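Written out below as structure tokens is the structure these notes cover.
Predicted model only: the values in this text are computed from it and were never measured. For the single chain, residues carry numbers from 1 onward in sequence order. FYI, side chains are in, hydrogens and waters are out, and symmetry mates aren't considered; it's all heavy atoms of this structure. We count ligands from 1, going down the list as the structure has it; atoms in each ligand are counted the same way.
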Amino acid sequence: MKEEQLRDLLNSMSLKEKVFQLVQIPGQYFLSGVADTGTKTDGRPTDEELALVGSTLGIFGAKTTADIQMQHLKRHPHHIPLLFMHDVVHGLRTAFPIPLALGASFSPELVKQCSAAAAAESAASGLHVTFAPMLDLVRDPRWGRVMESFGEDPFLNAKLGKASVEGFRGCDGKMPEKGRVASCIKHFAAYGAAEAGRDYTGADLGGRQLREFYLPAYREALNAGADMVMSSFNAIDGIPATGNEELLRSTLRKDWGFEGVLISDWNSVGELATRGVCSDLRQAAKLAMHCGVDIDMCSFAYARHLEALVCEGEITEAQLDSAVFRVLELKNRLKLFEDPLRGVTPAGEERTILSPVSRALARKAVCECSVLLKNTGKQPLLPIAPERKTVFIGPYVDSKELHGAWAVSTDPEDTVSIRQAAEEFARVQGRQFIFSKGCRMTCREDLGPKSEESAVMAFREDAFPPQIEISDDPMLKEAVAAAESAETVVACLGEHRLMSGEGASRGELTLPEDQLKLLRSLQLANRNIVSVIFTGRPLDLREVCALSRSVLLVWMPGTEGGNGILDLLTGSAEPGGRLSMSMPYCLGQVPVYYNHFNTGRPKAENTKIPYYVSAYIDIPNSPLFPFGYGLGYTDFSVSGFELGAEKAELRNAAEAGPVTVRAMVKNIGPRCGQTVVQLYMRRPSAEALTPVKELKAFQKLALDPGEERELVFTLGSDAFCHVSADGSLHADKGTYRFTVGLNSESEDWKSLELL
Ligand code: BGC
């Protein structure tokens, strides 16, 4: 439809029709034939209102969406199609590893491919918009939603965010491509700075922190064409994001020029009243509208109050029209006026969902994202030598709940468990494995792992475990006997999938207590333990590391989890992941992240007694495993690191470089493998503190044994500039220092003067 036609349509709409384009309701209202017949309550649309609603969320399926759409078109006075939105965060039916795992892949290409595959399944199922990627920078593993983020680094988040947006919608300019979906980035902004890791709190950030660390990834994703933005639940410096004029109007709309649709998070308009910045729902609707929130997700504030606010002159009709026009425009860009079903058919859906190609990609992704934390000994246990008698023990051996809390539309029945994959491997290779559960996933597993409520209770009880005497436990006895009979024990342990995700903040970062007891007992029976850890967040893994010779972190690996893990254990693939979030030494250290500001009293390498320096007296400052860390099945060396120049010119406040950085990387180990070479920079301090290190470039590469390659990184203005507190881009003159290495602890520095 041409722009004038869209304007004519808008002009022909009644006030109520306009308002309801801005109302989003849960899909269940359409499914259950809906509504009651006229009484208006806050949470339920009437039949008449339902016919006018602009968008819905949470339902998918080619037939379901087509039926609803066709009925809606008939009922709507102007035949305006509905938008179907949904959280396809890391896969619809094929679950890819959780985003925190994808962050560890350090591979924009992989992230793009996984998002594209998720978009293909979504589009084939009648969806138009995904609420993804989530681009909240995260530093505190207590927060359950770290699993949805790419990690703690602004540069990596921005690169992967861009790749994800391009994967979801395609790179073809204004319009999401055919067979893809529009991308709604979230949660704007700084939801990841959750205070004390507790969900829905505030972010106590100054403007400089916000701009330097938290905002860049959202911005890059918008530059990559993201169609929508979701405002977040949190407050920033006391102002809730959904009612934050400076954030939404000044930064997003004015400074960044965002012209797409801005949607609230679920009931975050209503929560403006709960939080007390508005006296009631009507004031909440007014404030959100004033800040430029176009769609009210599920709070009903717009549905109940916007019409009156316009009639009474508190919101102008022009303001309302701009918001409605943006929604109509999105529908138009998706070509819904011409083809309200976007060519979706049940046959096409059947072909696309869980296709062999998606499954193969998901399996590869497991290998690219898993991080090998430990593999010690003259003859490391991994990969497991074929002749070794191996047992698989632990609550994750048989589990099909490998998809994490946000793959909300997957069916665990589609998932390949470790046991299934191992049995298939054994069948093909003519080998035999033994399997044993050893203990329950959580103390209250008996209440049913699928009940969310029971899972939540289970975590609580794990924090205060009942005094169960487990030495008489038959499950444990069987596992210990199995461990005694074997040469290698693969202990498959981890958090329950619902221990991370929205609302799942934790105050402890250890494995459930029963699992630790199991591991201790296994280690007494057999020292050759490979621990395979499933988790949605960084954990305190000190004890696991002490009790195991090898530790493989597989996150929540998704539908092909079992197959990918077997590929890694048996060595047909090697772990390609490097941590994108620091693995804390212990709980008392969080938040711990590599790119912190320097202090006036840094702890020097050789400080013996850490008094009167910035340090703990009882634990190290460094995390157990740093950002960028991960092992493979071979070793690499980095040498010959040099800068292309010792001096460079700052041409104006924000133009410097390009500067080249070179280094030689060599595979010095026994087999081919891949690594991630990382370039970090330290800026000169000027009017403000600078991070001790900042990732500026990285490259993932595979080399054969003995093969050496020269890497050249070219740094342009982007690398030198940072965002000043007033929002402008700025580079400082002075000494810049660079280091190249295989994780963020690299300390081989070279300097460059920016004149
Ligand atoms: C979450 C969002 C999600 C929305 C819709 C909210 O609770 O915070 O991330 O997109 O629900 O499901």
| Quick one: does Arg145 get within less than 4.0 Å of ligand 1, heavy atoms only? | yes
**Asked** Using the benzene-type ring in the case of Trp, are the ring centres of Phe96 and Trp555 under 6.0 Å apart?
**Response** no
Atoms of ligand 1 under 4.0 Å from any heavy atom of Lys186, numbered from 1 in the order shown, are 2 (C), 3 (C), 9 (O), 10 (O)
One finds that the ligand 1 atoms under 4.0 Å from a non-hydrogen atom of His187 are 2 (C), 8 (O), 9 (O)
If you scan protein heavy atoms around atom 5 (C) of ligand 1, the nearest is Asp87 OD2, 3.1 Å
Self-check item: Pair Trp143 and Tyr191, ring centroids less than 6.0 Å apart
Solution: yes
For the residue pair Glu368 and Ser107, confirm or rule out a side-chain donor-acceptor distance under 3.5 Å. no
Applied to residues 144-155, the salt bridge (Lys or Arg N to Asp or Glu O under 4.0 Å) test, sequence neighbours excluded, yields Arg145-Glu148, Arg145-Glu502
For a 4.5 angstrom cut-off between non-hydrogen side-chain atoms, does Leu83 reach Gln24? no
Per-atom filter on ligand 1: closer than 4.0 angstrom to a heavy atom of Asp265 are 1 (C), 2 (C), 3 (C), 4 (C), 6 (C), 7 (O), 8 (O), 11 (O)
Applying salt bridge (Lys or Arg N to Asp or Glu O under 4.0 Å) to Glu17 and not counting sequence neighbours gives none
Can a side-chain donor-acceptor contact be found between Thr352 and Glu121 if the only test is distance below 3.5 angstrom? no
_I'd like to know if Phe233 contacts ligand 1, where contact means a heavy-atom distance under 4.0 Å to any ligand atom._
yes
Does an N or O anywhere in Glu502 fall below 3.5 Å from an N or O of ligand 1? yes
Discussion item. Looking at ligand 1, would Met134 count as a contact under a 4.0 Å heavy-atom criterion?
Written reply: no
For Phe131, the atoms of ligand 1 under 4.0 Å from one of its heavy atoms are 10 (O)
